[in-house]
Amino acid sequence: MRVAVVPGPRQSGLLCWLREDGSPDGDVVKVPDLVAAIRDHEQNGGARWVWPSSAGPYQRLLRGGVCVARCHDVALADALILGRDAALGAAPDEQDDAARALLRACRAADAAEAASRADQQALFDPVEAGAADRPDPRRTLDALIEVHADQLRRIAADEHPDRFGLLVTAESAGALVAAEMNLAGLPWRPDVHDGLLTDMLGPRPAVPGQRPARLADLAAQVAAAFRSHTRGRHEPVNPDSPAQLLHALAADGIRLPSTRLAVLRDVDHPAIPPLLEYKELARLHSAFGWSWLDMWVRNGRFSPEYVVGGVVSGRWASRGGGALQIPRLLRQAVVADPGWALVVADAAQLEPRVLAALAGDRAFAAAAAAGDLYAELAAAFGGDRAKAKVAMLSAMYGGAGGEAGQLLAVLRQRFPAADGYVEAAARAGQEGRVVRSVLGRTCPPPSANWRALTEEAADPDAERDPRAGQAARARGRFTRNFVVQASAADWALVMLVSLRAELAKITRPNRTQDELPSAGPDSCGAGRDQPELVFFQHDEVIVHSPRHKADVVAAAAARAASAASRLVFGPTGVAFPLNTAVVDCYADAK
DNA sequence: GGTCGGGGCGCG
DNA sequence: AAAGCGCGCCCCGACC
């Protein structure tokens with residue numbers, strides 16, 4: 001059962017029950033307390049809540065201690081559906097423009113409210129920011145119902161409506177998980193983090209912006225190693241400046257294309273060893289140093305904002321704190337609370353397995369039935385596992401340099417279906433067509449620039465622009481990778497939301513306001529004794545769980561992985577094994 | 001004083 | 001022969 005929901009003034013809201021086709025079933029219901037109304041319905045069978053975006057209303061619900069099981073996020077659905085239709089050349093639907101504009105205004109008001117809520121630390125103050133700009137609730141509800149019904153029609157019109165419908169459902173559930181994980185936060189020990197920084201960099205500088213002792217020392221060593229420095233003609237070379245480094249090296253007779261690690265590593269110059277060490281430590285300091293700790297860790301939790309579908313391939317992005325680029329070293333600071341454990345589950349070699357399933361390559365599937373895919377493939381590469389891995393990555397990324405070319409030839413011969421699949425995707429991209437993931441996420445169409453460039457080159461009379469071939473091949477690599485990366489993202493998303501559903505089964509249902517432990521935010525019925533999803537990074541999830549429930553959680557993760565494989569790929573010989581570890585500290589999970 | 005693209009590097 | 005896919009964030013340096 002679907003119910004359209006729009007917030008009204010103060011705590012109120014409008015609800016409208018919908019029929020299967022999305023048309024209104026009965027009158028609009030005005031409720032004085034929207035959070036209470038949704039809590040009641042969740043306790044009595046629930047509904048799929050249809051709202052303009054999860055971002056606004058769901059934050060409010062979570063803070064009221066209410067978790068919902070299902071929703072339809074119209075904004076995320078629109079991105080998927082309109083992306084598909086634009087890519088496939090369907091004409092945009094003029095009549096929906098007004099309705100969609102109204103929903104955008106509603107989401108903007110939600111965002112303004114959320115921003116002001118983040119400013120005020122007081123959680124229970126009524127928040128009225130954005131209220132002035134909020135469009136009329138009744139008109140918004142009508143627009144919501146109209147756009148939602150339109151979306152249902154467009155989903156049904158897809159070449160594979162079941163799969164595309166699953167994608168929309170999973171993306172919507174992903175938005176719920178994202179909000180819940182943001183509220184829960186990743187357990188983070190500032191004392192451990194600070195200890196690591198101090199060990200490597202020296203004590204925290206008293207003056208912010210000052211280089212810590214170790215960095216200052218290395219910077220001085222770098223500068224002193226240049227002749228230009230010893231002749232005293234210049235300011236000390238700043239190791240943070242690629243331009244200054246290139247210049248100083250050139251003055252010593254070494255001309256380099258860049259100051260990349262891979263380039264510097266092969267250079268013989270006294271400045272290089274301290275420079276390499278400087279670069280590594282400077283990055284830690286600037287990206288994840290003390291100021292990061294101050295800015296992002298509160299009450300022992302790191303709470304990044306996840307951006308569902310923020311990457312074209314459907315992977316998530318994050319805003320603030322670089323949540324998806326945490327250096328592996330700092331996993332030591334991710335420690336479960338006393339009496340709790342981290343259940344860390346990552347999909348082993350997800351992308352090559354996805355390719356095997358996509359292509360329906362039987363020989364490949366047979367190899368992927370085992371735990372270590374590359375080890376199984378090694379036989380085809382003279383028993384060398386490393387070669388098998390290079391070949392796979394090259395096939396998926398479009399690399400063909402060095403040894404990769406020969407390895408690709410082996411791959412082509414032994415696994416023709418898998419090779420054919422990515423080659424076809426690459427060809428489509430080069431020709432300016434779009435490709436789709438297994439659940440139907442579409443890659444963006446080529447830009448006008450790209451079209452102009454490549455069409456010019458197709459004209460036999462025109463001067464051949466080398467950039468045209470370059471651009472075409474680049475797009476071929478993009479689409480080649482897209483089909484694999486985006487389908488892997490499909491699998492991971494379905495796995496994540498399946499795990500969420502599994503966890504809900506071992507978690508108490510929603511409680512009433514009276515049962516809330518204290519006057520603080522409370523996620524998904526978690527209180528202080530229930531497992532919570534706290535991290536998701538492309539092919540890996542972390543659940544923070546009471547230690548005595550960790551094994552149950554691990555089993556739930558395994559079921560979620562099986563469910564994802566079945567739902568996304570149907571019957572396939574390919575296995576999608578999960579590496580699951582129950583640990584105190586993230587760094588101990590392999 | 002700000003913005004913005006590039007270089008570089010962390011993660012998958 | 002040149003070159004692999006996707007992000008976010010830091011610093012620098014050019015620019016307004």
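In this text, all values refer to a predicted model and were calculated from it rather than measured experimentally. Every chain is numbered from 1 and lettered A, B, ... according to where its sequence line falls, protein lines coming before strand lines.
- Contacts of A/R473 with the nucleic acid, taken as non-hydrogen atoms under 4.0 Å apart, are absent.
- Residue contacts shown for A/G320 are limited to sugar-phosphate atoms, with no base heavy atom under 4.0 Å away.
- Closest contact between the side chain of A/R328 and the listed nucleotides B/dC11, C/dC9, C/dG6 involves B/dC11.
- Glycosidic conformation, B/dG6: anti, with the torsion outside 90° of 0.
- Here A/E280 lies out of heavy-atom contact (under 4.0 Å) with every strand.
- The pair A/R353-A/E376 fails the salt-bridge criterion, with no side-chain N (NZ, NE, NH1 or NH2) lying under 4.0 Å from an Asp/Glu carboxylate O.
- Under a 4.0 Å N-O distance rule, the pair A/D217/A/R214 qualifies as a salt bridge.
- Judged by distance alone, the side chain of A/Q332 and the main-chain N or O of A/A587 form no donor-acceptor pair under 3.5 Å.
- Per the geometry, CD belonging to A/Q406 stands 19 Å off P belonging to C/dA3, to the nearest Å.
- We find that CZ of A/R480 is positioned 12 Å from C1' of C/dA3, with the value rounded to whole Å.
- A/S313 comes within 4.0 angstrom of nothing in the nucleic acid, heavy atoms only.
- Taking the side chain of A/V311 as heavy atoms from C-beta on, and the options C/dG8, C/dC7, C/dC5, the nearest nucleotide is C/dC7.
- Partner A/F302 forms a ring pair (Phe, Tyr, Trp, His ring centres under 6.0 Å) with one of A/W292, A/Y586, A/F535, A/F288 and no other, that one being A/W292.
- Using a 4.0 Å heavy-atom criterion, one finds that A/R331 contacts the sugar-phosphate atoms exclusively.
- Ion pair A/D346/A/K590 not flagged as a salt bridge, since none of the NZ, NE, NH1 or NH2 atoms sits closer than 4.0 Å to an Asp/Glu carboxylate oxygen.
- Ranking C/dC7, B/dG12, C/dC12 by closeness to the A/V312 side chain, first place goes to C/dC7.
- Nearest nucleotide to the side chain of A/P327, out of B/dG8, C/dC5, B/dG10: B/dG10.
- Across all strands shown, A/R319 has heavy atoms under 4.0 Å from sugar-phosphate atoms exclusively, and none from any base.
- In the set B/dG8, C/dC10, C/dG6, the nucleotide with an atom closest to the side chain of A/F478 is C/dG6.
- Note on A/Q537: only backbone sugar-phosphate atoms sit closer than 4.0 angstrom, heavy atoms only; bases stay farther off.
- In this structure, A/R260 reaches the sugar-phosphate backbone alone: every heavy-atom distance under 4.0 Å involves primed, P, OP1 or OP2 atoms, never a base.
- Between the side chain of A/R315 and the base of B/dG12 there is at least one donor-acceptor pair of N/O atoms closer than 3.5 Å.
- Here the P atom of nucleotide C/dC5 and the OH atom of A/Y421 are 19 Å apart, to the nearest Å.
- Look at CG on A/N481: it is 18 Å from P on C/dA3, rounded to the nearest Å.
- No more than 12 heavy atoms of other residues, nucleotides or ligands shown are found within 6.0 angstrom of CZ on A/R414.
- Note: CD (A/E305) to P (C/dG8) measures 12 Å, nearest angstrom.
- Following rounding to the nearest Å, A/L281 (CG) and B/dG8 (C1') show an atom-to-atom distance of 16 Å.
- Contacts of A/L261 with the nucleic acid, taken as non-hydrogen atoms under 4.0 Å apart, involve only primed sugar atoms and P, OP1 or OP2.
- Spacing between atom CD of A/Q325 and atom P of B/dC9 amounts to 15 Å, rounded to whole angstrom units.
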